[in-house]
Amino acid sequence: MSNILVTGGAGYIGSHTVHQLLQRGYNVTVLDDLSTGFRDAVPEPRLHICSLFDTEQVTQLLVRQKIDAVVHFAAFIAVGESTKEPEKYFTNNVAGSLSLFSAMAAAGVKKLVFSSTAAVYGNPVSTPILETATIAPVNPYGETKATVERALVWLDQCRGLRSVRLRYFNACGANAEAGLSERHVPETHLIPLLLKAVVTGQPMTIFGTDYPTADGTCIRDYIHVDDLAAAHIAAIEHLLGDGESDVFNVGTGRGFSVREVLAAVENVTGKPVPHVFGDRREGDPAELVADSSKLRSRLGWRPEYTELERIVASAWPSEQRRWA
Ligand code: UFG
């Protein structure tokens with residue numbers, strides 16, 4: 001079976017992907033500096049605590065483990081923070097990625113799956129969004145991902161580095177059976193915050209009720225983290241089968257408003273969600289829904305979690321423990 005290096009494998013989406021890779025029989029090595037990841041999210045012997053910026057050590061790891069392909073998650077992900085500390089985001093997400101790519105070039109590793117985001121589209125002209133939509137990020141976080149994506153197009157041409165770029169929509173849910181969960185600090189994402197409000201009784205804030213949507217709140221495409229992980233497996237198989245570089249959206253194709261997500265949380269927990277209404281959050285587009293037909297048709301991927309209630313239910317046990 002192939003040898004896969006997962007950077008950021010101790011993080012939320014990374015750890016779910018590591019779990020699926022192991023289940024499929026891949027030989028997995030995890031590289032993580034544990035700046036935001038968790039040691040206990042990864043089987044101990046597989047974890048190598050190392051900075052992406054240590055090009056020499058990363059090169060040695062790639063050679064020693066005879067790595068065939070890299071899945072690159074390691075990055076900072078908070079949109080709000082990226083507007084306050086853009087240098088930190090460009091350094092970590094862009095320069096860190098380039099250090100990894102230099103190590104891959106030195107070690108002769110020519111296959112990469114890159115963790116990108118719907119944030120590269122900024123405020124889309126229309127939804128559902130196709131991969132051919134204009135790339136126009138509206139925050140530094142999205143710009144860092146768009147920059148790495150552009151670098152990868154050149155690294156393919158100049159170095160023969162084949163890459164699949166996956167643009168995630170709203171990652172959510174958890175694999176409770178595997179003991180994995182979402183643990184961002186601080187937490188900014190909607191579903192964990194709704195569940196936190198249920199557990200603590202402290203109201204969460206709905207950001208904006210005057211958007212041009214049916215109920216006035218923002219619409220997002222919530223994609224279960226296990227379905228995202230499955231998209232990475234499909235991408236790896238494509239690359240290991242000598243597939244060309246490509247880019248894919250990863251979403252269900254169905255949008256839910258903030259009020260609809262709140263209702264789903266009330267259905268699953270059987271409790272009211274304490275909430276208040278606040279102003280719009282800066283930089284939030286009204287509606288982001290993926291057209292993922294390319295991923296379906298080219299790589300044969302299908303989301304298993306198509307009902308919001310099932311997604312919320314998968315997160316509920318770990319969120320109960322987290323906020324108790
Ligand atoms: N929201 C609230 N209250 C909260 C938190 C969120 O009303 O306390 C709303 C937001 O305004 C938004 C929706 O819930 O309308 C979802 O917000 P999230 O913060 O959960 O997710 P985002 O859509 O802002 O962000 C996601 C990813 C980012 C990615 C972005 C692409 O988490 O990494 O999509 O636009 F950049």
Side-chain angles (χ1 to χ4, degrees), residues 8 11-14 36 73-83 89 92-93 115-124 127-129 133 135-149 165-173 182-198 200 202-225 228 249-252 255-265 273-290 308 311-312 315 319 323:
Y12 171 47
I13 305 171
T36 56
F73 292 101
F76 292 146
I77 60 134
V79 173
E81 186 188 43
S82 80
T83 64
Y89 273 69
N92 192 58
N93 294 6
S115 172
S116 190
T117 170
V120 299
Y121 299 117
N123 292 305
T127 56
I129 306 167
I135 301 302
V138 292
N139 52 60
Y141 166 70
E143 189 68 52
T144 65
K145 292 289 184 176
T147 303
V148 175
E149 282 206 31
R165 296 166 273 143
L166 297 177
R167 295 179 182 154
Y168 316 152
F169 282 64
N170 286 61
C172 52
E182 187 166 0
R183 286 187 269 175
H184 295 120
V185 182
E187 189 52 77
T188 59
H189 295 108
L190 180 64
I191 291 175
L193 291 177
L194 288 165
L195 293 170
K196 178 185 180 187
V198 170
T200 63
Q202 298 297 312
M204 56 77 66
T205 305
I206 292 183
F207 297 140
T209 52
D210 60 349
Y211 284 96
T213 59
D215 68 16
T217 62
C218 287
I219 293 174
R220 293 289 181 272
D221 184 333
Y222 293 91
I223 175 82
H224 194 278
V225 64
L228 268 181
N249 288 333
V250 196
T252 64
F256 292 96
S257 73
V258 173
R259 287 186 207 261
E260 285 173 326
V261 181
L262 188 147
V265 166
V273 177
H275 63 277
V276 294
F277 297 103
D279 293 338
R280 289 182 178 197
R281 187 172 67 178
E282 201 187 337
D284 272 348
E287 183 168 348
L288 287 174
V289 177
L308 197 50
I311 293 179
V312 171
E319 296 296 336
W323 306 114

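All ligand and atom numbering here is 1-based and tracks the order in the structure. Counting begins at 1 with the first residue of the sequence. Owing to the predicted nature of the structure, the values given are computational and were not obtained by experimental measurement.
Using a 4.0 Å cut-off to heavy atoms of T205, the atoms of ligand 1 that qualify are 2 (C), 3 (N), 4 (C), 7 (O), 8 (O). Heavy-atom proximity to C218, at under 4.0 Å, picks out these atoms of ligand 1: 15 (O). Near I206, meaning under 4.0 Å from one of its heavy atoms, ligand 1 places the atoms 7 (O). Every atom of ligand 1 with a heavy atom of T188 under 4.0 Å away is listed here by number and element: 5 (C), 19 (O). Of all the atoms in ligand 1, the ones that sit under 4.0 Å from a non-hydrogen atom of A119 are 31 (C), 36 (F). Each of the following atoms of ligand 1 lies closer than 4.0 Å to a heavy atom of L288: 35 (O). Each of the atoms 8 (O) of ligand 1 lies under 4.0 Å from some heavy atom of L193.
Protein heavy atom in closest approach to atom 21 (O) of ligand 1: N170 ND2, 3.0 Å. Among all protein heavy atoms, the one lying closest to atom 23 (O) of ligand 1 is R220 NE, 2.7 Å. Protein heavy atom in closest approach to atom 11 (O) of ligand 1: D284 OD2, 2.5 Å. Of the protein's non-hydrogen atoms, T117 OG1, 4.4 Å is the one closest to atom 30 (C) of ligand 1. If you check which protein heavy atom lies closest to atom 32 (O) of ligand 1, you get H189 NE2, 2.8 Å. Ranking the protein heavy atoms by distance from atom 16 (C) of ligand 1 puts Y222 OH, 3.6 Å first. In this structure, atom 24 (O) of ligand 1 lies nearest to the protein heavy atom R281 NH2, 2.6 Å. Nearest non-hydrogen protein atom to atom 4 (C) of ligand 1 is F207 CE1, 3.2 Å.
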**Report entry** From CA spacing to verdict: side chain to side chain contact (heavy atoms under 4.5 Å, CB included), Y121, N249
**Finding:** CA-CA 11 Å; Y121 299 117; N249 288 333; 2.7 Å; yes

Query raised in the report: Do T213 and S257 pass the side chain to side chain contact (heavy atoms under 4.5 Å, CB included) test, and can you show the C-alpha distance, the side-chain angles, and the key distance before you say yes or no?
Result: CA-CA 8 Å; T213 59; S257 73; 5.6 Å; no

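Checked by distance only, ligand 1 and V79 stay at 3.5 Å or farther apart across all their nitrogen or oxygen atoms.
Residue V138 comes nearest to G283 through the heavy atom pair CG2-O, 4.3 Å, listed as atom of the first residue, atom of the second, then distance. For the residue pair E149 and S116, the shortest heavy atom distance occurs at OE2-OG, 2.5 Å. Scanning all heavy atoms of the two residues, the minimum distance from G122 to L288 falls at O-CD2, 4.1 Å. G173 approaches V225 most closely through the heavy-atom pair O-CG1, 3.6 Å.
Taking a 4.0 Å cut-off on heavy atoms, F277 fails to register as neighbouring ligand 1.
Using a 4.0 Å cut-off between heavy atoms, Y168 makes no contact with ligand 1 at all. Of the heavy atoms in I191, none comes closer than 4.0 Å to ligand 1. Contacts between M204 and ligand 1 below 4.0 angstrom, taking non-hydrogen atoms only, involve the side chain exclusively.
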Donor-acceptor list for residues 187-198 side chains, cut-off 3.5 Å, not counting sequence neighbours:
from, atom 1, to, atom 2, distance (Å)
E187, OE1, R322, NH1, 3.2
E187, OE1, R322, NH2, 2.8
E187, OE2, H189, N, 3.0
E187, OE2, H189, ND1, 3.1
H189, ND1, E182, OE2, 3.2
H189, ND1, H184, ND1, 3.4

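Side-chain contact annotation: Y168 with S115, donor-acceptor N/O pair under 3.5 Å present. Side-chain atoms of E81 and Y89 form a donor-acceptor pair, as typed in the model, at a separation below 3.5 Å.
For the pair E319 and V312, the minimum side-chain heavy-atom distance is 4.5 Å or more.
Under the rule for a side-chain contact (heavy atoms from CB on, under 4.5 Å), P186 has no partner lying at least two apart in sequence or in another chain.
The closest donor-acceptor contact from the side chain of R259 to the backbone of D215 lies under 3.5 Å.
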